Amino acid sequence: MGDDLLAVRRAKLERLRAAGVDPFPHAYPGVEPIAGVRAAHAGLEAGTETEARHRVAGRLHARRGQGKMAFLDLDDRSGRLQLQARADVLGEERMERLLELDLGDLVGVDGVAFASRRGELTLRVEDFAVLAKSLRPPPEKHHGLQDVETRFRRRELDLMANEEARELFLTRAKVITTVRRVLDEAGFVEVETPVLQPLYGGALARPFTTHHNALDRELYLRIATELYLKRLIVGGLERVYELGKDFRNEGISFKHNPEFTMLEWYEAYADYAVAAARLETLVHEVAQAVGYAGELDFAPPWRRVTLGGAIADATGIDVLAHRDRDALAAAIAAAGLDLDTGGRTWPQLVDDLLSKWVEPELQQPTIVMDYPVELSPFAKAHRSEAGLTERFEAFAGGMEIANAFTELNDPDVQRERFEAQARLEREGDEETQPYDEVFVQALEQGMPPTGGLGLGIDRLVMLMTGTRSIREVVLFPAMRD
RNA sequence: GCCCCUGUAGCUCAACUGGCAGAGCAGCGGACUCUUAAUCCGAAGGUUCUAGGUUCGAUUCCUAGCGGGGGCACCA
C-alpha cells in the first residue's frame with residue numbers, strides 16, 4: 001500500500017531524529033552548482049584522482065550499492081553528478097546512515113573529485129548532510145513522469161523528474177530576460193499599469209469580473225494593457241513597455257490559457273512599419289539567445305502579405321469587394337467553404353476566414369498587414385488604402401504571435417470607433433469595446449504619432465521550444481478542480 | 001456547451017473474444033569496493049476512477065457521474 005511507502009519514510013525520519021540529526025536544517029552555505037564542478041574537471045582522464053574538494057547539494061536520484069561502497073546520483077538545477085560513498089572513508093556508522101537515505105531526499109555533500117575507471121566524474125563523499133527529508137516517493141527514475149495530468153497539476157514532480165521540463169522553463173526565463181534587455185537597450189521604460197480595472201479595453205475579449213468590497217463596485221481583470229500604456233505616451237514617457245499577465249474569460253485550447261503573459265510596447269513618433277522591424281529584430285535576438293535550432297527562420301525581414309491578399313489566395317474570396325455582412329456571406333456560400341455564416345457579423349466573418357484558411361498555413365514568420373477598420377478599433381486609418389487601417393498581425397508556426405498598429409490618435413475618430421463598437425454589440429457581437437471616455441479625453445490632450453505592438457510571450461516560448469501546447473510552457477496551466 | 005478517446009500498484013506499462021489482475025522501477029529483507037536503467041536471491045505491494053446495470057462470472061460489455069487528452073463551438 002501507498003501508506004507503507006510513506007510509513008517507511010516517516011520511520012527513517014524518526015530514526016534520524018533519534019540519532020540527533022536534524023532532518024530539516026536551516027541552511028547549507030557554500031554550495032557550488034554541479035555544472036561548475038563539471039566545468040572545473042572537463043576532460044579529466046579515466047581513473048585520475050584530484051585533490052579538488054567541492055560542496056554540492058541537490059536531490060538524490062539513484063543509488064547503486066556495492067556493499068561497502070556505493071555510487072549515488074545527485075541532481076541539482078544545473079545537472080547530475082555521481083557520488084561515491086566508501087565505508088573506509090566515512091566509517092561504518094556514517095556509511096550506514098548514508099545508505100539509509102531515500103531517493104528524493106535533499107542532500108549536501110563535501111567530497112573530492114576523481115574520474116572513475118569508466119571516466120565518469122565522481123565526488124568521493126567525505127562528509128554529507130541531510131538537508132530535507134523527502135516523505136513521499138519520487139516519480140520513476142528512468143521513465144520520468146509521463147502522466148500529463150500529474151505533470152501539469154503537480155509541476156514540482158514534473159520538474160524534479162524530467163530534465164526537459166527544467167530546461168524548458170529555463171529557456172522561458174531566457175526569452176523574458178532577452179525581451180527586457182533588447183527593449184531596455186532601445187530606450188524603452190518598463191512600467192506597470194493596473195491589473196484591476198474599472199473598465200476593460202484594448203482587445204476584443206470577454207473579461208473576468210471581480211468585486212471590490214470597500215468601494216462596493218465591479219472591477220475587471222485586464223484583458224490588455226493598451227489603453228493605460230497609451231495614456232503614458234500622452235504623458236510623455238515616449239517609449240514604454242509592460243510585460244505581464246492578461247486575463248481572458250474564454251475557452252482553453254492548445255494556444256489559449258485564461259491567464260497568459262503579454263508584452264506590449266508603444267513608441268512615440270513611430271508607425272506600424274517601425275513596430276514590424278522592431279518585432280523582427282526582437283524575435284530574432286530571442287531565437288539566438290535561446291539557441292533556437294528548429295525549422296523556422298526568424299532572421300529579418302519576414303515575409304509580408306496583406307490580409308485581403310492572403311484571404312484571396314487561400315479562399316478565392318475578395319473580402320474588400322464584399323463589404324457588408326450579407327454580400328460576404330453570399331460570397332462564402334458561393335465559394336462552397338465549410339463555414340456557418342449565420343449570426344456572424346462582417347468582421348467576424350473576415351476573422352473566420354483568416355483563422356480557418358490562412359493562419360494554419362502560416363508556418364514561417366509572416367506579417368499580415370492592413371486590416372479592415374471594422375476589425376481594428378484602435379488602429380489609425382491607412383494612409384493610402386480607403387477602409388483599411390495600418391495594422392498587422394505576425395504569425396509563425398500556424399499561430400498568431402503579435403498584433404500591432406499605427407495607433408489611432410485622433411480623439412474624434414476614436415469616439416466614432418467606440419460608437420461603431422456599440423453598434424456591433426447591438427448586432428450581437430459579445431466581444432466589443434466598452435466606451436472609455438477617460439481614454440478619449442487623454443487623446444484630446446494630444447498623443448504623438450505612435451506605433452504599438454502586443455506579443456504573446458507564451459506562444460513565443462512555444463515556438464522557441466518547439467512545443468505544441470501552451471500548457472507545456474505555462475508552469476501551472478488552468479485545470480478543472 | 002457538444003462529439004470522440006481515455007482512467008489498472010507510489011511511478012512506467014501489460015492483461016487476446018467476458019474466465020484466478022501481471023512485469024519493470026521504487027520500497028522491504030539479504031549478498032556485493034568502479035557502478036551508472038548496476039547485478040543476484042527472497043518476500044511483499046491492487047476499492048482496476050466512482051455509482052449503478054447485464055452476466056454463473058466484468059479491468060473487459062451497457063448507463064450515469066468525475067478527472068484527463070483531442071476535436072468542434074467560443075476565442076485576437
Side-chain angles (χ1 to χ4, degrees), chain A residues 1-9 11-12 46-47 60-73 80-89 95 100 102-104 114-122 124 134-154 157 160-162 202-206 223-224 226 246 248-258 260 262 338 340 343-344 347-348 350-352 354-356 359 368 371 375-378 391 393-395 399-404 430-431 454 456 459 468-469 471 477 479-481:
Chain A
M1 299 229 318
D3 287 349
D4 289 341
L5 293 172
L6 304 188
V8 166
R9 284 175 180 248
K12 290 183 183 175
L60 202 57
H61 175 261
R63 173 173 45 228
R64 295 174 290 281
Q66 308 281 327
K68 302 265 183 265
M69 187 271 284
F71 290 102
L72 306 101
D73 290 338
R80 179 170 296 164
L81 187 63
Q82 177 166 268
L83 309 176
Q84 186 195 45
R86 299 173 54 139
D88 58 357
V89 174
M95 182 71 181
E100 225 189 56
D102 284 309
L103 300 192
F114 71 100
S116 74
R117 285 176 205 162
R118 299 272 182 90
E120 178 83 21
L121 181 65
T122 305
R124 180 169 298 121
S134 173
L135 295 173
R136 290 182 178 275
E140 211 264 359
K141 68 178 179 181
H142 181 62
H143 297 94
L145 180 65
Q146 301 296 324
D147 180 67
V148 288
E149 181 176 359
T150 310
R151 287 185 47 235
F152 296 155
R153 285 189 190 274
R154 303 291 311 280
L157 297 177
M160 138 188 351
N162 299 324
L204 305 176
R206 280 189 277 176
I223 59 173
E226 170 147 358
D246 288 348
R248 297 185 183 175
N249 205 341
E250 291 160 355
I252 295 173
S253 82
F254 75 95
K255 58 181 176 180
H256 296 94
N257 196 58
F260 61 101
M262 181 78 130
D338 178 22
D340 182 7
R344 304 293 280 166
Q348 285 173 329
V350 173
D351 206 38
D352 289 343
L354 175 67
S355 59
K356 281 199 167 69
E359 181 170 357
V368 179
Y371 281 54
L375 280 168
S376 314
F378 298 107
R391 173 186 180 191
E393 289 187 315
F395 295 85
M399 282 185 303
E400 180 208 343
I401 58 168
N403 179 28
E430 288 181 7
E431 278 139 6
R459 292 182 183 179
R468 314 126 325 265
S469 168
R471 294 177 170 205
M479 306 283 275
R480 271 176 227 260
D481 281 334

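Just so you know, these numbers come straight off a predicted model, no measurement behind them. Naming convention: chains lettered A, B, ... in sequence-line order (proteins, then strands); numbering from 1 in each chain.
- Between the side chain of A:His142 and the base of B:rC25, no donor-acceptor pair under 3.5 Å is found.
- One P atom belongs to B:rG71, the other to B:rA14, and the distance between them is 23 Å to the nearest Å.
- Within the structure, every side-chain polar atom (N or O) of A:Arg151 is placed at least 4.0 Å from both OP1 and OP2 of B:rC11.
- Listed here is the closest heavy atom pair of A:Ala205 and A:Ile223: O-CD1, 3.7 Å.
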Between N or O atoms, less than 3.5 Å apart, protein on one side and nucleotides 28-35 of chain B on the other: list the pairs.
residue : atom : partner  : partner atom : Å
B:rC28  : OP1  : A:Lys12  : NZ           : 2.6
B:rC32  : N3   : A:Gly67  : N            : 3.3
B:rU33  : OP2  : A:Gln66  : O            : 2.8
B:rU33  : OP2  : A:Lys68  : N            : 3.2
B:rC34  : O2'  : A:Arg117 : NH1          : 3.4
B:rC34  : O2   : A:Arg117 : N            : 2.9
B:rU35  : OP2  : A:Arg118 : NE           : 3.1
B:rU35  : OP2  : A:Arg118 : NH2          : 2.6
B:rU35  : O2   : A:Arg64  : NE           : 2.8
B:rU35  : O2   : A:Arg64  : NH2          : 3.4
B:rU35  : O2   : A:Gln82  : OE1          : 3.0
B:rU35  : N3   : A:Gln82  : OE1          : 2.8
B:rU35  : N3   : A:Gln82  : NE2          : 2.9
B:rU35  : O4   : A:Gln82  : NE2          : 2.9
B:rU35  : O4   : A:Ser116 : OG           : 2.7

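- Only the P atoms considered, B:rU47 is 23 Å distant from B:rA43, to the nearest whole Å.
- Side-chain atoms of A:Tyr371 and A:Glu393, non-hydrogen and from C-beta on, do get closer than 4.5 Å to each other.
- Across every strand in view, B:rC72 sits in a pair with B:rG1 that passes the Watson-Crick or G-U test at under 3.5 angstrom.
- A heavy-atom distance below 4.5 Å is found between the side chains of A:Leu6 and A:Pro137.
- Taking atom C1' on both nucleotides, B:rC20 is separated from B:rU48 by 15 Å, rounded to a whole Å.
- Dashed line: the shortest gap from a side-chain N or O of A:Lys141 to OP1 or OP2 of B:rA38 is under 4.0 Å.
- Contact check, A:Arg153 against B:rG68: a side-chain N or O comes under 4.0 Å of OP1 or OP2.
- Along RNA chain B, the nucleotide nearest to A:Ser469 and the one nearest to A:Arg248 differ in position, and the one closer to the 5' end is contacted by A:Ser469.
- Considering only the side chain of A:Gln348, B:rC75 comes nearest among B:rG10, B:rC75, B:rA37.
- Comparing the P positions of B:rU59 and B:rG53 gives an interatomic distance of 15 Å, to the nearest angstrom.
- A straight line from CG of A:Asp4 to P of B:rA26 spans 18 Å, rounded to a whole angstrom.
- Spacing between B:rC49 and B:rU6 at atom P, rounded to whole Å, works out to 13 Å.
- Using a 4.0 Å heavy-atom distance criterion, A:Glu149 is classed as a sugar-phosphate-only contact.
- Nucleic acid contact class of A:Arg459 (heavy atoms, under 4.0 Å, all strands): none.
- Comparing B:rC16 with B:rC3, their P atoms sit 29 Å apart, to the nearest whole Å.
- Here, B:rC11 and B:rG27 have their P atoms 15 Å apart, quoted to the whole Å.
- The partner of B:rG57 is absent, by the rule that a Watson-Crick or G-U pair needs both atom distances under 3.5 Å.
- Note: CG (A:Leu60) to P (B:rA26) measures 12 Å, nearest angstrom.
- Between A:Lys255 and B:rC74 there is no side-chain polar atom (N or O) within less than 4.0 angstrom of OP1 or OP2.
- Taking atom P on both nucleotides, B:rG24 is separated from B:rG18 by 28 Å, rounded to a whole Å.
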